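Residue numbers start from 1 in every chain, and the chains themselves are labelled A, B, ... in the order their sequence lines are given, proteins ahead of strands. Values in this document were obtained by computation on a predicted structure and should not be read as measured data.
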Amino acid sequence: MSEMNEKLVFDRPKAVIDRPTHYCPGCHHGVAHRLVGELLEELGVFEDTILVSSIGCSVFLYNYLNVDAVEAPHGRAPAVATGVKAARKDNFVFAYQGDGDLASIGMAEILHAANRGEKISVVFVNNTVYGMTGGQMAPTTLIGQRTTTCPSGRCLEHEGAPIRMTEIIAGLGGTAFAARGSLDNVKNIRQAKKYMRKAFECQTQNKGFGFVELLSACPTNWKMTPVQANERIQTEMIPYFPLGVYKDTDEGGAC
Amino acid sequence: MSRIAVQEDRCKGCMLCSTVCPVQIIVQSERFNQSGYKVAEVPAEDMEKCTGCTSCALICPDLAIRVYRTPKKKKGDE
Ligand SMILES: Cc1ncc(C[n+]2csc(CCOP(=O)(O)OP(=O)(O)O)c2C)c(N)n1
Ligand code: SF4
Ligand code: SF4
Ligand code: SF4
Ligand SMILES: [Mg+2]
């Protein structure tokens, strides 16, 4: 029989704790967690990592990643991470934030941390809503998208245009790397992981601030099945939030 | 031969795995797990079609899939 020499070619990374998550079916936070876990191991920083988690559905990230962690007040993860890194220069420090956390209440903290060129890394999960609190409009909500606080769809005239964070972060002096990936298919997931590796390496190689946006689904608040929500990323999100590298100070370092 | 193993107590029945399988062998079973989700499965007769590509595991948000590959036997063995 073949079992004798069969090889396990895919298993969970050690950095991701073996326990069920509280996420809804088809929520991409789980994919983002796995990519983070794999990279912490592959970059050899797993034992030295300090996570700064944020407020949103991923608030319990410290229960899922087997690393030390600090829970930041809403939006303040980049400021907390700045402090952690200042106190623990030899540790790998990263923040993990949603779009409500990072682009609404936390807009000041993320911009200034990037602009100062803090040697921290930020993983930004953009699912175009406040997932945790029931799907209110976020700065990233698309025009026409219905949410509990814009029930007839986001209106350009009243609410302004959805904010493209990666483009803004890329324009700041301290940013070493900024890219936008997506978690909707295998090719994009592999590419997103390459971007995350680059962003993390800005810290391990002491280059500056590293930022990666991950387009993600929130099937529950989009009121879609997981498969429909996953498709929406391709049909509605990517056209407005184009994927790619927006800043890379590392010459010849395109990924 | 390759195969996958779905950890049924972790599966949430989202079926994202089925959207990326190149040989389309992952389906939703009629079984509910303890959390009330209808779990994903590969019918036994289809498992031999698995290429071991790991796509399903890469997209599974719940890390519910393990992928096994068996190195090809020397020619003439099969
Ligand atoms: C100071 C403060 N204001 C408001 C809230 C309520 N609140 C909790 S999570 C959240 C938004 C989270 O959205 P996002 O960052 O996009 O994360 P997601 O759940 O979508 O992953 C808000 C407004 C809070 N917890 N604290
Ligand atoms: S509400 Fe949305 S973001 Fe939160 S766990 Fe559910 S699918 Fe994920
Ligand atoms: S490993 Fe590839 S071929 Fe096998 S079930 Fe998963 S997606 Fe399909
Ligand atoms: S992707 Fe994972 S959780 Fe979703 S149906 Fe497949 S095995 Fe289950
Ligand atoms: Mg959100």
Side-chain angles (χ1 to χ4, degrees), chain A residues 1-35 37-38 57-58 64 125 127 182-193 214 216-220 224-231 233-234, chain B residues 1-24 26-29 31-40 42 44 47-74 77-78:
Chain A
M1 270 304 281
S2 56
E3 280 78 11
M4 293 288 286
N5 47 13
E6 82 173 0
K7 274 218 261 323
L8 182 59
V9 291
F10 185 97
D11 200 3
R12 70 170 53 239
K14 283 197 297 291
V16 180
I17 299 170
D18 190 2
R19 66 161 61 119
T21 69
H22 69 290
Y23 299 117
C24 310
C27 173
H28 282 154
H29 273 300
V31 181
H33 292 9
R34 175 178 65 77
L35 296 180
E38 288 176 357
C57 280
S58 59
Y64 302 138
V125 175
N127 58 15
S182 168
L183 302 179
D184 67 312
N185 63 41
V186 172
K187 180 170 154 264
N188 286 345
I189 291 171
R190 288 191 204 278
Q191 186 61 53
K193 184 174 171 184
L214 301 171
S216 302
C218 173
T220 300
M224 292 176 174
T225 66
V227 171
Q228 287 168 339
N230 196 56
E231 282 166 4
I233 294 180
Q234 196 66 238
Chain B
M1 198 193 114
S2 301
R3 66 182 177 97
I4 65 165
V6 178
Q7 195 182 342
E8 295 203 349
D9 61 327
R10 293 293 163 79
C11 174
K12 292 177 184 161
C14 72
M15 298 318 288
L16 295 186
C17 50
S18 69
T19 67
V20 297
C21 177
V23 288
Q24 299 279 304
I26 309 174
V27 295
Q28 194 150 29
S29 73
R31 282 190 306 288
F32 292 97
N33 65 12
Q34 276 201 319
S35 313
Y37 297 120
K38 273 189 178 176
V39 298
V42 174
M47 193 64 94
E48 62 180 349
K49 295 183 198 145
C50 175
T51 64
C53 68
T54 73
S55 292
C56 52
L58 286 175
I59 206 166
C60 176
D62 290 279
L63 288 165
I65 299 178
R66 287 195 179 85
V67 185
Y68 297 87
R69 248 183 242 156
T70 307
K72 279 221 173 69
K73 298 209 181 77
K74 287 195 192 87
D77 263 10
E78 215 153 5

Could you look at A:Asp184 and say if it's the side chain, the backbone, both or neither that has a heavy atom under 4.5 Å from chain B?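 Only the backbone of A:Asp184 comes within 4.5 Å of chain B.
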
For A:Ile189, is it the side chain, the backbone, both, or neither that has a heavy atom closer than 4.5 Å to a heavy atom of chain B?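 For A:Ile189, the side chain is the part near chain B, not the backbone.
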
Taking atom CG of B:Leu16 and atom CG of A:Asn185, what is their separation to the nearest 0.5 Å?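 Reported value, rounded in 0.5 Å steps: 11.0 Å.
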
Between CZ of A:Arg12 and CD of B:Gln7, what distance do you get to the nearest 0.5 Å?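 A:Arg12 CZ to B:Gln7 CD: 6.5 Å, rounded to 0.5 Å.
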
Could you tell me if the side chain of B:Pro61 sits less than 4.5 Å from the side chain of A:Tyr23, heavy atoms only?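 A:Tyr23 does not reach B:Pro61 side chain to side chain.
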
Is there side-chain contact between B:Arg10 and A:Asp18, with at least one heavy-atom pair below 4.5 Å?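 SC-SC contact between B:Arg10 and A:Asp18 confirmed.
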
Do B:Leu63 and A:Tyr64 pass the side-chain contact (heavy atoms from CB on, under 4.5 Å) test, and can you show the C-alpha distance, the side-chain angles, and the key distance before you say yes or no? CA-CA 12 Å; B:Leu63 288 165; A:Tyr64 302 138; over 6 Å; no

Might you work through the side-chain contact (heavy atoms from CB on, under 4.5 Å) test for A:Glu6 and B:Met1, ending with a clear yes or no? CA-CA 8 Å; A:Glu6 82 173 0; B:Met1 198 193 114; over 6 Å; no

Please tabulate, for side-chain N and O atoms in residues 48-60 of chain B, each donor-acceptor pair with protein atoms closer than 3.5 Å (sequence neighbours left out).
residue : atom : partner : partner atom : Å
B:Lys49 : NZ   : B:Asp46 : OD1          : 2.8
B:Thr51 : OG1  : B:Cys53 : N            : 3.4

Most chain B-contacting option - heavy-atom pairs closer than 4.5 Å, from A:Leu35, A:Val186, A:Val31, A:Val9: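 Most heavy-atom pairs within the cutoff with chain B belong to A:Val9.
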
Contact part of B:Ile65 toward chain A, heavy-atom cut-off under 4.5 Å: side chain, backbone, both or neither?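 The backbone, not the side chain.
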
So which heavy atom on A:Pro25 is nearest to which on B:Cys14, and how close?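 Heavy-atom minimum between the residues: C-CB, 3.9 Å.
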
Contact list for residues 56-69 of chain B, test side-chain hydrogen bond (donor to acceptor under 3.5 Å, both in side chains), sequence neighbours left out: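 Matches after skipping sequence neighbours: A:Asp11-B:Arg66, A:Thr21-B:Asp62, B:Lys12-B:Asp62.
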
